[in-house]
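What follows is a short report on a single structure.
Sequence lines set the chain letters: A, B, ... in the order given, protein chains first and strands last, and positions in each chain run from 1.
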Amino acid sequence: MKNKYLIFFFIFYTGITVNAQFDESVSKFKLFDDALDMEVYIQMLAKDKLYIIKNLKKEQASKEIDYALAKINDNLSEIDLEETNPQLRQHIDKIKDFMMKFDTKLAATKTAKDFSSLYFDINIFDKMISDMSEAMLTVYNLDGNEIQNYRDIQELRKLIQEISVSYYANLLNLNKSFSHNFRNNVDKINDFIAQKSNTFLNDPIVGKYFPDFILDWNFLKANLQSEKYKNPKTIFSMSVSIDYHLKQIKDAYFDKLNK
Amino acid sequence: MKKLFFSIVLLMMFSSPVMAQEDENPIGELAKRLYENEMLANRFLKNFVLAKSQVFKAKIMKDLDKSLALFDDNIAYISMHLPDDNKVRDDFMKLQEQWNIYRLAIIDLDLKNYKKIVNSTLLLGTECQKMRETLLSEHPKYDDNKKVFKYIDYIVENIKDIDGIVINYVFKNQLHFSEIEKALKIDFSTVKKNLAKLAKYKKIQEKRSIKDMGNSLVMIENVYNNQNDRPKLLYSNTKYFSRKSYLLFYELIGQLQN
């Protein structure tokens with residue numbers, strides 16, 4: 001009788017120690033957050049790569065690109081290891097296969113001229129991740145005002161990085177599409193602020209953080225629109241600062257929605 | 001109905017002690033704990049160097065805590081399943097003493113003497129490997145499971161080597177102590193050969209895992225050999241490789257016949 005309980009204890013104990021090898025089980029919302037973060041980091045990576053190629057803010061960009069690549073990899077790994085839904089698995093496997101070739105192309109991109117072609121691939125990659133996150137909305141049944149607010153903030157983070165890439169690429173005369181992207185994305189942020197500022201400023205969770213973002217954006221916008229002074233270094237620094245403030249807002253929503 | 005009931009009760013009374021005797025030292029459980037401790041030695045050193053070079057320090061310290069606790073648990077289990085052999089018991093006591101000293105040293109991140117910590121880790125890993133080889137080879141169920149153990153050895157060697165790759169990289173690029181490469185003597189070709197051998201093992205359920213590990217290894221090698229310093233990316237890629245490897249390790253442990 002004693003032995004039976006001892007065996008049960010060891011089997012149970014084994015279960016605990018086996019599970020102790022890995023992180024605790026991950027919520028579906030966390031996987032969705034991972035996917036949306038990947039969309040931000042892929043654009044951040046693009047910005048950093050361009051700055052590294054042009055030897056501008058190189059030390060900062062090098063540290064940031066390491067971080068961005070690691071986060072893309074980490075987040076994809078987490079989704080890959082946790083998700084078994086067949087519909088999502090199709091997206092995950094497609095992204096994993098793409099990453100292999102992308103990694104090689106990223107390493108081979110050495111000049112500003114090569115960058116346009118790389119950015120084309122980055123946007124394909126971005127679209128794949130975005131398709132996966134759209135599918136997650138349905139599979140995980142995510143909807144409601146707070147989810148929409150959270151998505152808006154992630155979208156802003158991504159737009160800031162895209163604006164930084166397209167501003168500098170445009171300055172370097174790389175490709176006309178960068179000029180078009182730049183104008184489009186600046187308009188999107190202006191429209192967002194016009195339509196939704198009040199909602200966020202009055203939000204009990206994020207209201208205290210939102211004014212910092214507005215201040216930063218106004219300063220960035222002034223720099224972006226200045227005809228006299230073209231300063232990509234300032235744009236880079238501002239993109240880091242704005243992302244920090246937006247991430248505070250994002251994290252506040254995440255803590256609430258992940259309960 | 002009464003007869004059936006009493007037959008079942010009698011069957012349970014007589015089968016439980018028999019089952020208990022067979023399960024008192026299941027080879028699967030013993031192997032798992034012995035191999036885990038062998039892999040943990042390099043993992044401790046990897047966490048130590050990553051924490052010292054500030055790469056995801058909070059996560060790393062959490063992992064180090066968990067790993068230290070796991071090593072302790074395993075030592076406790078192994079101590080209760082030692083054979084009746086004085087030499088083995090003496091060797092185990094020495095390992096325990098070594099572990100007690102090592103455990104305090106590895107969490108001292110102010111330690112400047114890297115050579116000492118590297119040598120202690122190598123010694124701990126070697127002693128764990130010797131203990132594993134001795135205890136398993138003497139287990140009555142060892143011969144029945146020789147084939148599976150062969151494949152487990154490939155996975156374990158890979159997990160140890162991947163951690164070694166991170167250790168080498170951080171020592172060389174972050175902590176600027178490049179002599180370490182000679183001490184750890186790890187190269188990618190061994191990991192690739194082991195993956196190729198595992199790919200041929202028919203009893204692995206998840207074939208895509210081997211493909212994923214192969215792709216991950218390509219990315220690890222690219223980062224390792226790249227002139228750009230990317231410790232966070234290397235850590236992220238090797239973490240994925242290790243997690244996939246551990247899943248495979250537990251799958252193979254589950255195939256051992258107790």
Query raised in the report: Under a 4.5 Å heavy-atom cut-off, does chain B meet the side chain of A:L81, its backbone, both or neither?
Result: side chain
**Report entry** Option that, when pairs with chain B are counted at under 4.5 Å, heavy atom only, ranks first among A:L69, A:D66, A:N73, A:D74
**Finding:** A:D66
Query raised in the report: What option among B:D229, B:V223, B:D212 has the most heavy-atom pairs under 4.5 Å with chain A?
Result: B:D212
Report task. Would you indicate whether A:K127, at its atom NZ, is surrounded by more than 12 heavy atoms from other residues, nucleotides or ligands within a distance under 6.0 Å? Result -> no
Query raised in the report: So do A:D80 and B:K244 actually touch side chain to side chain, heavy atoms under 4.5 Å?
Result: yes
Query - Nearest non-hydrogen partners of A:A70 and B:S236, listed with the distance - result: O-OG, 3.1 Å
Query raised in the report: Applying a criterion of heavy atom separation less than 4.5 Å, what residues of residues 92-103 of chain A form contacts with chain B?
Result: A:D93, A:K96, A:D97, A:M99, A:M100, A:D103
Report task. For atom CD of A:Q90, decide whether the heavy atoms of other residues, nucleotides or ligands shown that lie under 6.0 angstrom number more than 12. Result -> no
Query - Nearest-0.5 Å distance that lies between atom CZ in B:R243 and atom OG in A:S77 - result: 8.0 Å
Query raised in the report: For B:N228, is it the side chain, the backbone, both or neither that has a heavy atom under 4.5 Å from a heavy atom of chain A?
Result: neither
Report summary line: Contacts satisfying ring-ring contact (aromatic ring centres under 6.0 Å, His included) that involve residues 55-74 of chain B (not counting sequence neighbours) are B:F44-B:F71, B:F56-B:Y235, B:F71-B:W99
